[in-house]
Amino acid sequence: YEQRMVDCILRDAASQLESSGASSIYSIYFGGGTPSLCAPSTIHSIIHGLCKLATLSADAEITLEANPSSSTDQKLREFKQAGVNRISLGVQSLRDDALKLLNRDHTRADSLRTFDWCHSIFGEGTSLDMIFARPGQTLADWQVEISEILDLCGSHLSLYELTVEPSTPLAKQVDRGELSVPDADLKAEMYQFAID
């Protein structure tokens, strides 16, 4: 399965490079799900294949999205050996109640342990993803959480406003009035606090 995926990605990349006329690659991003579930050898095969198609810049940023529940110290080291130089860790929240609400399969402790591994392996090439405007979240909750996360990882933080997708269990809870999401004003205050 993974070899077919590698072949498809490289065929698409070859087509994109040819149609754009690009001869150099400055950034590679493995995302859109949980690429940390792939074998590090698969990631290496993609990077190696891309190097055959175009010149990889010496300072190219090669990022892999990772989930705390699918990452081990050893696997992260193997991703580094495969050529990855930046990890984007999907922490989402440092609150166990929020992680449970978001149906995540990791805990605060998992996130902190995995962050420590990432930071020891990738250093400043470690970034964290957080979700805000969660059901029941207050501005005070967010202020505490964002302050804590910035103390951990002040170099790069990606913030995403929660989108409650129709027909999901979360949407059904909101529709039934079991949960309430922050209104537009509160979302704006949360965003403003984060960028300040």
Side-chain angles (χ1 to χ4, degrees), residues 1-17 19-20 22 24-54 56-57 59-94 98-99 102-106 110-119 121-134 146 149 152-165 168 170 191 194:
Y1 164 76
E2 288 192 15
Q3 187 56 52
R4 285 195 324 243
M5 179 182 69
V6 170
D7 294 342
C8 288
I9 288 170
L10 293 177
R11 267 195 311 275
D12 184 57
S15 174
Q16 295 294 328
L17 287 164
S19 67
S20 69
S24 297
I25 297 173
Y26 298 94
S27 176
I28 300 171
Y29 194 93
F30 295 97
T34 310
S36 58
L37 290 173
C38 288
S41 60
T42 300
I43 300 301
H44 178 266
S45 294
I46 294 169
I47 296 169
H48 184 71
L50 290 171
C51 289
K52 290 179 178 179
L53 298 173
L56 183 63
S57 172
D59 61 348
E61 184 175 278
I62 303 174
T63 304
L64 180 108
E65 287 184 2
N67 187 309
S69 63
S70 64
S71 302
T72 64
D73 180 57
Q74 181 60 35
K75 196 168 187 184
L76 291 166
R77 289 181 191 287
E78 290 173 9
F79 283 130
K80 176 83 171 184
Q81 292 168 351
V84 173
N85 57 23
R86 174 174 282 282
I87 286 285
S88 179
L89 187 62
V91 170
Q92 313 312 355
S93 176
L94 289 176
L99 291 167
L102 294 169
N103 201 26
R104 302 297 182 197
D105 60 356
H106 65 272
D110 295 333
S111 294
L112 294 174
R113 179 180 58 250
T114 308
F115 171 78
D116 286 343
W117 292 336
C118 290
H119 196 261
I121 297 164
F122 296 95
E124 293 300 309
T126 302
S127 62
L128 300 178
D129 294 351
M130 297 289 290
I131 295 176
F132 72 99
R134 304 182 306 257
I146 198 76
I149 207 78
L152 272 177
C153 183
S155 61
H156 187 97
L157 181 62
S158 296
L159 306 176
Y160 301 93
E161 180 184 326
L162 177 67
T163 301
V164 179
E165 297 292 343
T168 61
L170 186 58
Y191 176 78

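- Rounding to the nearest 0.5 Å places CD1 of Ile121 at 10.5 Å from CG of Asp116.
- Considering OG of Ser88 and CG of Leu157, their distance stands at 9.5 Å, rounded to 0.5 Å.
- Under the 3.5 Å distance criterion, the side-chain polar atoms of Ser15 are left unmatched by any main-chain donor or acceptor of Arg11.
- At a threshold of 4.5 Å between non-hydrogen side-chain atoms, the residues Tyr160 and Met130 do not count as touching.
- Across all their heavy atoms, Leu17 and Ser20 have their closest contact at O-OG, 3.2 Å.
- A salt bridge does not link Arg4 to Asp7: none of the charged nitrogens lies less than 4.0 Å from a carboxylate oxygen.
- Using a 4.5 Å heavy-atom cutoff, the side chains of Leu102 and Leu162 are in contact.
- Among Asp110, Ile131, Val91, the one residue that satisfies the side-chain contact (heavy atoms from CB on, under 4.5 Å) test with Arg104 is Ile131.
- Using a 4.5 Å cut-off on side-chain heavy atoms (C-beta onward), Ile46 and Ile28 make no contact.
- Partners of Ser36 by side-chain hydrogen bond (donor to acceptor under 3.5 Å, both in side chains), not counting sequence neighbours, listed by chain and number: Ser70.
- Between the side chains of Ser69 and Asp105, a donor-acceptor pair is found at a separation under 3.5 Å.
- Residues that satisfy the salt bridge (charged side-chain N to carboxylate O under 4.0 Å, His left out) test with Glu61, not counting sequence neighbours, are Arg86.
- Considering only heavy atoms from C-beta on, Phe122 stays 4.5 Å or farther from Thr63 through its side chain.
- Checking Leu89, Leu76, Ile87 one by one against Leu64, the side-chain contact (heavy atoms from CB on, under 4.5 Å) holds for a single residue, Ile87.
- Shortest non-hydrogen contact noted between Leu112 and Leu152 is CD2-CD1, 3.5 Å.
- Contact record, Ser71 with Thr114: CB-CG2, 3.9 Å, taken as the closest heavy-atom pair.
- The line from NE2 of His48 to SG of Cys51 is 7.5 Å long, rounded to the nearest 0.5 Å.
- The ring-ring contact (aromatic ring centres under 6.0 Å, His included) search around His119 returns Phe115, not counting sequence neighbours.
- Between Ile47 and Ala82, the closest heavy-atom pair is CD1-O, 3.4 Å.
- A heavy-atom distance below 4.5 Å is not found between the side chains of Asn67 and Leu37.
- The CD atom of Gln92 sits 9.5 Å away from the CZ atom of Arg134 when rounded to the nearest 0.5 Å.
- The side-chain heavy atoms of Ile9 and Leu50, taken from C-beta on, include no pair separated by under 4.5 Å.
- Taking both residues in full, the closest heavy atoms of Ala133 and Glu161 are given as CB-CG, 3.9 Å, listed atom of the first, atom of the second, then distance.
- Taken from CZ in Arg113 to OG1 in Thr72, the straight-line distance is 10.5 Å, to the nearest 0.5 Å.
- The line from CD of Glu78 to NE2 of His44 is 12.0 Å long, rounded to the nearest 0.5 Å.
- The side-chain heavy atoms of Leu56 and Ile62, taken from C-beta on, include a pair separated by under 4.5 Å.
- The stretch residues 65-76 participates, sequence neighbours left out, in these salt bridge (Lys or Arg N to Asp or Glu O under 4.0 Å) pairs: Asp73-Arg77.
- Side-chain contact between Ser24 and Ser57 is absent, with no heavy-atom pair separated by less than 4.5 Å.
- Considering every non-hydrogen atom in both Leu128 and Cys153, the closest pair reads CD1-CB, 3.5 Å.
- Considering only residues two or more places apart in sequence or on other chains, Thr42 meets the side-chain hydrogen bond (donor to acceptor under 3.5 Å, both in side chains) condition with Glu2.
- Residues satisfying the ring-ring contact (aromatic ring centres under 6.0 Å, His included) criterion with Phe79, sequence neighbours excluded, are absent altogether.
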